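First comes the structure, then the notes that go with it.
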Amino acid sequence: MAAPAVYGNWKMNLDHVEAIHLIQQLGVLLRRAPLEHVEVGVAPPFVDLRSVGSVIEADRLGLVLCAQHVNEHESGAHTGEVSLAMLERLGVRAVIVGHSERRRLYGMDDALVARTLARVAGAGLRAVVCVGEDLAVREAGRERAYVADQLRAALAGLPEAARANVTVAYEPLWAIGTGVVAEPAQVAAQNGSIRATLAEFGLEAPVLYGGSVSAENATELAREGALDGFLVGGASLRAEAFHAVCRALDDWYASTR
Ligand code: PGA
């Protein structure tokens with residue numbers, strides 16, 4: 001299996017002062033109880049990246065600085081957008097691509113997800129591409145076919161240089177921010193299907209799960225979810241909770257070796 005990873009998606013929360021506070025708290029916990037196997041990343045809002053990156057570097061926290069989104073273009077007349085070069089300059093090493101909130105609320109369609117994925121992963125950054133079905137699709141029993149199609153669309157035309165840098169996050173929409181976490185068996189089934197779709201492209205990318213992951217459910221999900229890590233929203237805004245999720249995955253991974 002791939003080395004496990006946990007990424008915290010802070011979404012549109014915490015200004016840069018609050019962000020510094022959170023990353024420092026996380027730093028204290030990581031120093032007190034270091035992780036052995038799990039790669040941990042945080043994805044703050046754009047305006048916090050500089051501050052959070054400075055703390056990570058100064059305190060040698062070993063965390064991966066991530067962005068929540070990036071524009072597909074190199075530069076130019078794209079008011080309100082942020083380019084990959086700008087993020088790289090700030091030390092960003094991973095970018096979430098096609099989060100369901102970007103797709104649903106900001107019109108990010110499959111083609112744009114594919115172009116953004118190619119740009120991020122093609123530039124050598126880790127691209128965490130999100131897929132997941134909504135409740136109607138799941139109730140219709142079409143969740144595997146739906147997610148497979150989403151993933152095929154995202155991977156279409158992926159350049160050779162990008163292939164090693166793709167991570168998939170399975171995030172069922174009905175589990176995001178709802179407190180309703182997917183059953184480990186549901187996660188395992190979907191992740192198996194995702195791996196089969198990846199294999200169509202000759203890829204063996206890590207597959208994460210996201211959607212109401214917490215300190216309480218992380219161990220069971222890690223054990224039974226056939227996953228390589230987590231994308232964590234709400235719980236990543238509290239240092240103890242996020243650290244506990246990372247620990248749960250680290251402990252589980254250690255126990256499998
Ligand atoms: P949640 O969010 O953990 O708050 O459900 C997950 C995500 O949207 O990445």
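A quick note: this is a predicted structure, and the numbers were derived from the prediction, not measured. In each ligand, atom 1 is the first atom listed, and ligand 1 is the first ligand listed. We're numbering straight along the sequence, starting at 1. Excluded from the calculations below are hydrogen atoms, water molecules and symmetry mates; all remaining heavy atoms, backbone and side chain alike, are included.
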- Query: For Cys246 and Leu35, which heavy atoms make the closest approach, and how far apart are they?
  - Reply: CB-CD1, 3.7 Å
- Task: Could you tell me which atoms of ligand 1, counted from 1 in the order shown, lie closer than 4.0 angstrom to a heavy atom of Leu231?
- Result: 9 (O)
- Query: Hey, does Ser236 sit under 4.0 Å from ligand 1 if you only count heavy atoms?
  - Reply: no
- Message: Geometry only, no angles: is Ala235 polar-contacting ligand 1 at N/O separations under 3.5 Å?
- Response: no
- Against heavy atoms of Gly211, which atoms of ligand 1 measure under 4.0 Å? 5 (O)
- Please state whether Ser212 comes within less than 4.0 angstrom of ligand 1, counting heavy atoms only. yes
- Should one rank His99, Lys11, Glu171 by closest heavy-atom distance to atom 2 (O) of ligand 1, which comes out on top? Lys11
- Message: If we count only N and O atoms by modelled type, under 3.5 Å, do the side chains of Gln190 and Tyr209 hold a donor and an acceptor together?
- Response: no
- Item | Thr178 N/O to ligand 1 N/O under 3.5 Å | no
- Note on the structure: When rounded to the nearest 0.5 Å, the distance separating SG of Cys130 from CG of Leu117 is 10.5 Å
- Nearest 0.5 Å, what's the CG-CG distance between Leu26 and Leu61? 7.5 Å
- Message: Yes or no: does Gly210 have any heavy atom under 4.0 Å from an atom of ligand 1?
- Response: no
- Message: Does any part of the side chain of Ile20, heavy atoms only, come nearer than 4.5 Å to the side chain of Val52, both counted from C-beta?
- Response: no
- Donor on one side chain, acceptor on other, His99 and Glu171, under 3.5 Å: yes
- Query: Quick one: does ligand 1 sit under 4.0 Å from the side chain of Asn9, the backbone, both or neither, non-hydrogen atoms only?
  - Reply: side chain
- Mind checking whether Gly233 has an N or O less than 3.5 Å away from an N or O of ligand 1? yes
- Message: Can you confirm whether the side chains of Asp48 and Ser51 place a donor and an acceptor under 3.5 Å from each other?
- Response: no
- Any heavy atom of Cys130 under 4.0 Å from ligand 1? The part involved is neither
- For Gly177, take its heavy atoms, then give the atoms of ligand 1 lying under 4.0 Å from any of them. 1 (P), 4 (O), 5 (O)
- Query: Going by atom types only, do Gln68 and Trp10 share a side-chain donor-acceptor pair under 3.5 Å?
  - Reply: no
- Message: Among all protein heavy atoms in this structure, tell me which lies nearest to atom 4 (O) of ligand 1, with the distance rounded to 0.1 Å.
- Response: Gly234 N, 2.8 Å
- Task: Answer yes if the side chains of Glu133 and Tyr170 hold a donor-acceptor pair under 3.5 Å, and no otherwise.
- Result: yes
